[in-house]
Amino acid sequence: MKFDAKVTGQGLKIAIVSSRFNHFITDRLNEGALDTLIRHGVEEADIDQLLVPGAFEIPFAAQKLAKQGKYDAIITLGCVIRGATTHYDYVCNEVAKGVSKANEFGIPVIFGVLTTESIEQAIERAGTKAGNKGGEVAVAAIEMANLNKMLD
Ligand SMILES: O=c1[nH]c(NC[C@H](O)[C@H](O)[C@H](O)CO)c([N+](=O)[O-])c(=O)[nH]1
């Protein structure tokens, strides 16, 4: 049997957790995710949005929302740009681990946190040369939500 989930969002309830830090970038990721969800049939009223201070706080919110069991998928959006200190490595590692852990509640939680070496790389992935990571993870969220329903 082949499980090949559709990328149609009708009837899905989605949450977006995004961080304010580097909001010049994360605002664009949010726009990309919202636009893509709606263009794939998710009702705007079925999209909840939640803001946290920085990427490090994303896992806390994602896990809380996943535990509620109200959503078909949760999208996380953030932007961590390497700076002069090793802070970057700690933040990136903890965010990735924390978002992955949120999947333990049985709801697909999609990792849309940019981890880049430069501002230019982040801009490229926020609606310019390399597309929009927010839109990409929105498609992944819809597919995983439908796949999850198939597997229930
Ligand atoms: O989202 C980010 N948070 C960052 N730091 C804040 C962190 O996510 C927490 O909000 C903060 O440590 C308070 O817990 C970043 N840097 O420090 O570079 C960054 O690039 N991106």
Side-chain angles (χ1 to χ4, degrees), residues 5 7 9 12-148:
V7 188
L12 295 180
K13 190 155 176 56
I14 307 287
I16 302 175
V17 178
S18 55
S19 48
R20 298 177 195 275
F21 202 108
N22 288 325
H23 72 84
F24 176 81
I25 300 294
T26 59
D27 288 350
R28 306 290 80 77
L29 301 181
N30 256 311
E31 290 161 8
L34 269 175
D35 178 60
T36 302
L37 289 173
I38 291 165
R39 285 154 55 94
H40 282 77
V42 181
E43 294 297 326
E44 197 161 356
D46 288 334
I47 303 169
D48 288 342
Q49 297 184 74
L50 188 148
L51 287 169
V52 295
F56 189 82
E57 285 75 39
I58 288 175
F60 175 84
Q63 289 174 25
K64 292 281 278 194
L65 292 177
K67 194 174 182 180
Q68 289 178 355
K70 292 191 322 186
Y71 300 101
D72 295 303
I74 294 166
I75 293 168
T76 62
L77 299 172
C79 177
V80 187
I81 301 171
R82 186 181 293 279
T85 69
T86 56
H87 190 55
Y88 170 89
D89 298 305
Y90 294 108
V91 170
C92 293
N93 290 334
E94 290 308 309
V95 174
K97 281 191 290 186
V99 169
S100 180
K101 184 171 174 50
N103 283 276
E104 291 174 6
F105 296 104
I107 303 287
V109 182
I110 312 300
F111 186 72
V113 179
L114 293 178
T115 55
T116 66
E117 295 297 322
S118 67
I119 293 174
E120 291 73 20
Q121 285 183 355
I123 292 170
E124 287 176 0
R125 290 153 180 80
T128 63
K129 288 197 307 186
N132 185 308
K133 174 61 79 175
E136 289 170 26
V137 295
V139 173
I142 292 170
E143 180 173 353
M144 286 307 295
N146 289 327
L147 181 64
N148 194 28

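One-based numbering, in listed order, for ligands and for the atoms of each.
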For the residue pair Gly135 and Thr36, what are the closest heavy atoms and their distance?
CA-OG1, 3.3 Å
Counting from 1, what ligand 1 atoms have a heavy atom of Val80 closer than 4.0 Å?
19 (C), 20 (O), 21 (N)
For atom 21 (N) of ligand 1, the protein heavy atom that lies nearest, with its residue and separation
Cys79 O, 2.8 Å
side-chain contact (heavy atoms from CB on, under 4.5 Å) evaluation trace for Glu117 with Tyr88
CA-CA 9 Å; Glu117 295 297 322; Tyr88 170 89; 4.0 Å; yes
His87 heavy atoms within 4.0 Å reach ligand 1 at atoms 5 (N), 12 (O), 16 (N), 17 (O)
Validation row: Val95, Phe111 side chains within 4.5 angstrom (heavy atoms)
yes
Numbered atoms and elements of ligand 1 in range of Asn22, under 4.0 angstrom, heavy atoms:
19 (C), 20 (O), 21 (N)
What residue and heavy atom of the protein are closest to atom 11 (C) of ligand 1, and at what distance?
Glu57 OE2, 4.0 Å
Note, Arg82 side chain near Thr115 side chain (heavy atom, < 4.5 Å):
no
Gap separating the CD1 atom of Ile58 from the OG1 atom of Thr76, nearest 0.5 angstrom
5.5 Å
Suppose we measure from atom 20 (O) of ligand 1 to each protein heavy atom; which comes out shortest, and what is that distance?
Ile81 N, 3.1 Å
Leu29 vs Asn132, side-chain contact (heavy atoms from CB on, under 4.5 Å): CA-CA, chis, key distance, verdict
CA-CA 6 Å; Leu29 301 181; Asn132 185 308; 3.9 Å; yes
Among all protein non-hydrogen atoms, which one is nearest to atom 8 (O) of ligand 1, and what is the separation to 0.1 Å?
Phe56 N, 3.0 Å
Checking the N or O distance criterion of under 3.5 Å, is ligand 1 in contact with Val91?
no
In the protein, which heavy atom is nearest to atom 16 (N) of ligand 1, and how far is it?
Phe21 CZ, 3.6 Å
Residue, atom name and distance, where the atom is the protein heavy atom closest to atom 1 (O) of ligand 1:
Ala55 N, 2.9 Å
Check if Gly83 has a non-hydrogen atom at a distance under 4.0 Å from any atom of ligand 1.
no
Looking at every heavy atom in both Ala62 and Val109, which two are closest together, and how far apart are they?
CB-CG1, 4.2 Å
Between Leu50 and Val52 the two heavy atoms that sit nearest each other are CD2-CG1, 3.7 Å
